[in-house]
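Data first, discussion second: the structure below is written as structure tokens.
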Amino acid sequence: MSDKYDVIVIGAGPGGYVAAIKAAQLGLKTACVESWTAEDGKSQVLGGTCLNVGCIPSKALLEVTHKFEEASHDYESMGILAKSVDIDVAKMMERKAGIVKQLTGGIAGLFKANGVTSIHGHGKLLNGRKVEVTDKDGKTKTYEAENVILASGSKPVEIPPAPFDGEYIVDSEGALEFTEVPKRLGVIGAGVIGLELGSVWARLGSEVTILEAQDNFLPVVDQQIAKDALKHFKKQGLNIITGARMTGAEVKRKLVNVSYEDSKGKQEAKFDKLIVAVGRRPYTDGLLAEDSGVNLDERGFIFVDDKCKTEAPGVWAVGDIVRGPMLAHKASEEGVMVAERIAGHKPQVNYDCIPNVIYTAPEVAWVGKTEEQLKAEGEEYNVGTFPFAANGRAMAANATGGMVKIIADAKTDRILGFHVVGPQASEIVAQGVIAMEFGSTAEDLALTCFAHPTLSESVHEAALAVAGGAIHVANRRKKK
């Protein structure tokens with residue numbers, strides 16, 4: 001007889017494990033199915049891409065290499081003399097692995113504490129809310145549920161001109177496992193992943209070239225912010241070439257020979273390693289039986305409504321396999337929403353207030369609309385900016401690059417977009433998220449008292465600047 005649950009979640013990444021924990025907290029008998037297996041070939045690994053080969057390990061490397069960069073180049077100007085600074089790549093990787101192990105093990109503890117049943121194997125949705133689980137030995141078992149939440153995540157996109165070989169041509173996961181610093185590193189794609197991984201190895205001494213097919217740098221980012229960020233990245237030594245369409249890659253004599261086309265015509269380049277970071281695609285391989293009742297859209301994502309319901313009764317889907325940005329925090333919010341809706345509550349995710357972050361140095365973060373979007377929509381708006389170069393705390397921290405930019409509706413003054421490039425942008429953007437979630441105006445932020453000296457004072461000044469009233473920077477002249 002098959003086991004029965006109120007909720008079965010397929011996938012234990014940020015969307016899945018959070019949904020499972022929340023469902024259990026709400027009194028629902030819950031199980032979570034995850035196929036990821038440790039290197040020993042036996043034990044289960046929780047946390048999905050984010051904790052194991054994505055967000056967490058990449059940030060661990062970014063933090064270490066940023067500190068190394070500061071010690072190597074910035075400390076002397078602050079009066080700190082650190083001679084012969086070196087990097088132990090093996091120890092850096094060991095530390096990264098330790099952080100991952102601690103966090104993934106923490107999820108197992110949370111499952112136990114909340115009464116979530118963890119099932120090790122590949123989950124497949126059958127008709128009638130049944131889930132078939134195939135274990136590592138190929139044995140299958142079928143479970144039944146009142147509700148099923150699909151949260152199988154995504155995987156790196158592989159392109160025909162540069163198939164992965166796991167050694168010289170790698171995806172974002174392989175780029176986290178280099179055992180030594182490549183002398184020349186090529187990166188295909190100047191998006192979030194490409195910029196972050198390129199930054200990691202550039203700080204350690206790699207000559208990094210990033211090829212981006214788009215003509216504009218970071219086209220989804222407010223272009224004033226993107227242009228400022230590009231200036232800093234190039235100053236750091238990242239060779240970013242836009243409008244470069246890759247046509248081929250071939251490994252010869254332990255070098256990757258890359259061919260591409262740009263505005264100047266056909267080009268060639270040689271690299272010791274090549275990272276392909278052109279995006280991710282929904283991971284639905286073997287997830288759905290033909291009669292499951294769940295449909296995919298034209299891009300391969302599971303079709304859901306704004307509440308993450310699929311077209312199959314009692315079946316939901318969250319995270320990277322559904323529409324919207326592929327972000328861990330977005331997946332988690334959807335997981336919580338679905339669990340609460342199953343329990344009879346009526347929450348809703350506000351997709352207009354989901355922050356985006358690029359963890360480079362300076363960091364880039366934003367929430368809401370860009371100037372380009374508002375212009376295209378014909379909206380009238382006001383803009384206020386404030387540079388970190390005029391912020392005392394940024395000066396003290398030797399991190400004066402970048403700015404805060406606030407865009408507000410010209411009539412209502414309601415904040416429409418909040419954009420940051422600079423130190424701790426990932427933390428500062430939360431102020432914009434909170435403000436927009438509560439429907440705040442730029443004046444609301446302008447009337448708020450901020451502690452001094454802090455980086456957040458730049459938010460205050462940018463809000464003041466929306467109405468031409470910034471104190472610590474010259475304001476734009478008002479039109480007569």
Side-chain angles (χ1 to χ4, degrees), residues 5 7-24 30-61 92-125 131-141 143 148-156 164 166 170-179 193 197 280-287 317-321 326-329 331-332 335:
Y5 290 89
V7 178
I8 293 179
V9 183
I10 300 179
Y17 85 75
V18 169
I21 290 173
K22 176 54 69 174
T30 306
C32 186
V33 182
E34 175 57 61
S35 62
W36 204 312
T37 304
E39 292 182 359
D40 61 14
K42 299 177 181 179
S43 54
Q44 184 186 41
V45 176
L46 304 175
T49 294
C50 176
L51 266 68
N52 288 281
V53 292
C55 316
I56 299 303
S58 65
K59 302 312 165 284
L61 297 186
M92 178 179 73
M93 292 299 181
E94 183 181 344
R95 176 181 181 272
K96 176 204 70 174
I99 293 170
V100 170
K101 184 177 180 180
Q102 183 177 350
L103 287 174
T104 55
I107 297 173
L110 290 171
F111 274 8
K112 184 177 181 179
N114 288 281
V116 176
T117 300
S118 186
I119 301 173
H120 191 187
H122 180 86
K124 182 177 184 178
L125 178 67
V131 175
E132 178 186 84
V133 178
T134 304
D135 67 18
K136 58 184 177 60
D137 298 319
K139 297 178 181 179
T140 63
K141 184 174 181 179
Y143 300 83
V148 176
I149 303 175
L150 306 174
S152 53
S154 62
K155 62 188 298 184
F164 303 136
V170 301
D171 58 15
S172 56
E173 298 177 17
L176 297 171
E177 301 297 335
F178 290 163
T179 56
I193 296 173
L197 293 176
R280 300 180 65 86
R281 67 173 181 84
Y283 182 60
T284 56
D285 303 0
L287 178 66
V318 302
D320 289 3
I321 55 173
M326 288 183 170
L327 299 169
H329 45 281
S332 295

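Separation of atoms SG (Cys55) and CG (Leu103) is listed at 11.0 Å; rounding is to 0.5 Å. Taken from OG in Ser152 to NE2 in His122, the straight-line distance is 8.5 Å, to the nearest 0.5 Å. To the nearest 0.5 Å, atom OH of residue Tyr17 and atom CG of residue Leu46 are 10.0 Å apart. Separation of atoms CD1 (Ile56) and CD1 (Ile99) is listed at 8.5 Å; rounding is to 0.5 Å. Atom CG in Asp171 sits 9.0 Å away from atom CG in Leu176 (nearest 0.5 Å). Distance check: Lys101 NZ to Leu51 CG gives 15.0 Å after rounding to the nearest 0.5 Å.
In plain terms, the two heavy atoms of Tyr283 and Lys155 that are nearest each other are CD1-CD, 3.5 Å. The minimum heavy-atom distance between Ile321 and Gly153, with the atom names listed, is CG2-O, 3.0 Å. Considering all non-hydrogen atoms of both residues, Ala24 and Asn114 come closest at CB-O, 3.3 Å. Smallest separation of non-hydrogen atoms from Gly47 and Pro14: O-CD, 3.8 Å. The two residues Gly54 and Ser58 come nearest to each other via the heavy atoms O-OG, 2.8 Å. Nearest heavy atom pair, residue Arg95 against residue Ala60, reads NH1-O, 3.8 Å.
Between Glu177 and Lys96 there is a salt bridge, since a side-chain N of the basic residue sits under 4.0 Å from a carboxylate O of the acidic one.
Checking side-chain atoms of Gln44 against main-chain N and O of Glu34 turns up a donor-acceptor pair under 3.5 Å. Counting only distance, with no hydrogens or angles, the side chain of Asp135 and the backbone of Asp137 share a donor-acceptor pair below 3.5 Å. The closest donor-acceptor contact from the side chain of Thr30 to the backbone of Val116 lies at 3.5 Å or more, if one exists at all.
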Derivation of the side chain to side chain contact (heavy atoms under 4.5 Å, CB included) call for Phe164 and Val170: CA-CA 5 Å; Phe164 303 136; Val170 301; 5.6 Å; no
Side chain to side chain contact (heavy atoms under 4.5 Å, CB included) assessment of Trp36 paired with Thr104: CA-CA 12 Å; Trp36 204 312; Thr104 55; over 6 Å; no
Worked verdict on Lys141 versus Ile119 for side chain to side chain contact (heavy atoms under 4.5 Å, CB included): CA-CA 11 Å; Lys141 184 174 181 179; Ile119 301 173; over 6 Å; no
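Of the residues Lys136, His120, Lys42, the one that meets the side chain to side chain donor-acceptor pair (under 3.5 Å) test with Thr37 is His120. Here the rule is side chain to side chain contact (heavy atoms under 4.5 Å, CB included) with Ser154, and of Thr49, Thr284, Asp320 only Asp320 fits it.
For the pair Tyr5 and Thr117, the minimum side-chain heavy-atom distance is below 4.5 Å.
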